[in-house]
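Worksheet for the structure shown next.
Throughout, a chain's letter reflects where its sequence line sits, starting with A, and its residues are numbered from 1.
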Amino acid sequence: MKTMEDILQIYERLQSRITLDEFKKMVQEKIDLMGGLCDEKTASKLVAHDLGILDMMKIGEISLDQKDVSFMGKVTQVEAPHEFSRDDGSIGRVANTIVSDETGSIRVVLWDELADLVKVNELSAGKILNISGYVKDGYAGIEVNVGRNGSMEFIETDVDVKIKTHKISDIASGMSGINILGKVLNIGEIRRFSRKDGTEGFVSNITLGDETGRIRVVLWNDRTKEKLAPEDVIEITNGYSRENYGRTEIHLDRHGKIEKSSREVSYCEHMTKIADISINESYNVMGTVTEVVEKREFTKGDGSVGKVANIRISDDTDGIQVALWGENADLVDQINIGTQIKIMDGYAKAGWSDSIELNVDWRSEISTKDL
DNA sequence: CCCCCCCC
């Protein structure tokens, strides 16, 4: 009986507050009150509404267009709560969790008393929750905060969970909850930096590849401590993406996770023919040097000195201008007309007079071979 | 939350 299913589904969200019998009684009262003008399902919704429960959504439907949302999901990740001081001197607590259902995952931020539930391990991975909160564009994308007017209840049911594993080619700027299985292609140095508040931080980059492409991953602080080697297959969880000088990169901060995996990943380098290059995209290109212009120094906006060298390369489809920036400019000292060049992650931009120029910068890799 | 963006 379909109606009964619908009603039970609505009741699921109320079960921590009233018994099923009480609920059915309230539904009947509602029907009577409406003079028989509404059916059981509608009456159930009205009762739920009267009890302060909003229309329930699937996690995949939650967007910044909503203000307040209610949904049910399974806790798939919990982080240790952090303490902070409020201006009035009191100590606040905040805990981040990831909650998932069969349509997706979302970050749920719990404050104070709710965050304490994580501390005492009452809220842990696998628990099913009914959540009402407000949608916020957080630092790492969309999140739901359960504040004063929100609520969180434990419920006794199960939820199918589909943890989405992304492919590198699917990653666009502004995504959160990014999970990828990939192969480590490249590992950069760990750099230390000072924040405005005087504290110290660490950051490093790796390049990750899968069968759809390659992407730069920025590791922050403790994530830089992971012992990684080229060819390692890793699984990254709960990353977020941002755009940096025109290219999308994935960030992993304290909310993210890196784990080594024994699974296979077939990374294959996808090379693009020069004729297929269009602006504002990243490419891997192979070609022969047909022209070399001496490297030049120039003054940047901040007064410091920059270096650039321009060359031209060709393959069997076309030729293209290439700008070698910074340290890459020194490469012109060892290349000649006829040198074979392989560029990974070059970035095509509009050059002068309608041409396309392939930029080789600090995020690119370039190698040469003399025939 | 870091550092490079810029030439002919």
When rounded to whole Å, the OH to C1' distance for the pair A:Y240 and B:dC1 reads 8 Å
Is there ring stacking between A:W325 and B:dC6, where the centres must be under 5.5 angstrom apart and the planes under 30 degrees? yes
### Query
Salt bridge between A:K167 and A:E211, side-chain N to carboxylate O under 4.0 Å?
yes
A:K196 NZ to B:dC3 C1', in whole Å, measures 14 Å
Would you please indicate if the ring centroids of A:Y347 and A:W325 are separated by under 6.0 Å? no
Taken to the nearest whole Å, CD/A:E243 to P/B:dC5 is 18 Å
Regarding the side chain of A:R191, the nearest nucleotide among B:dC3, B:dC8, B:dC5 is B:dC3
From CG of A:L219 across to P of B:dC3 the rounded distance in Å is 17 Å
From the candidates B:dC5, B:dC2, B:dC6, the one with an atom nearest any side-chain atom of A:H251 is B:dC2
From the candidates B:dC7, B:dC4, B:dC1, the one with an atom nearest any side-chain atom of A:N310 is B:dC7
ask   = Counting just side-chain N and O atoms, does A:R363 come under 4.0 Å of either OP1 or OP2 of B:dC5?
value = no
In whole angstroms, the gap separating C1' of B:dC3 from CZ of A:R192 amounts to 16 Å
Tested for side-chain contact (heavy atoms from CB on, under 4.5 Å) against A:K295, the lone hit among A:D330, A:L331, A:L324 is A:D330
Taking B:dC1, B:dC4, B:dC7 as options, the one with an atom nearest any side-chain atom of A:R216 is B:dC4
Of the candidates B:dC1, B:dC3, B:dC5, the side chain of A:N221 sits closest to B:dC1
Out of B:dC7, B:dC5, B:dC4, minimum distance to the side chain of A:K349 belongs to B:dC5
Touch check for A:E357, heavy atoms < 4.0 angstrom, all strands: base, sugar-phosphate only, or nothing?
base
Q: Remember a base hit wins even if backbone is also touched, and classify A:R247 as base, sugar-phosphate or nothing at under 4.0 Å, heavy atoms.
A: nothing
Is the ring centre of A:F193 under 5.5 Å from the base ring centre of B:dC3, and are the two planes under 30° apart, so that they stack?
-> no
Here the distance between atom P of B:dC6 and atom CZ of A:R296, to the nearest Å, is 15 Å
Quiz prompt | Salt-bridge present (A:K225, A:D222; N to O < 4.0 Å) | solution = yes
So does A:E235 pair up with A:K257, basic N to acidic O under 4.0 Å? no
_Between A:K342 and A:E269, does any NZ, NE, NH1 or NH2 come within less than 4.0 Å of an OD or OE carboxylate oxygen?_
yes
Rounded to whole Å, NZ of A:K300 lies from P of B:dC5 at a distance of 3 Å
- Which part of the nucleic acid, if any, lies within contact of A:V293, taking any heavy atom under 4.0 Å across all strands shown: a base, the sugar-phosphate backbone alone, or nothing? nothing
Taken to the nearest whole Å, CD/A:E189 to P/B:dC4 is 17 Å
task: Report yes if a donor N or O on one partner sits less than 3.5 Å from an acceptor N or O on the other, where the partners are the side chain of A:D361 and the base of B:dC4; otherwise report no.
output: no
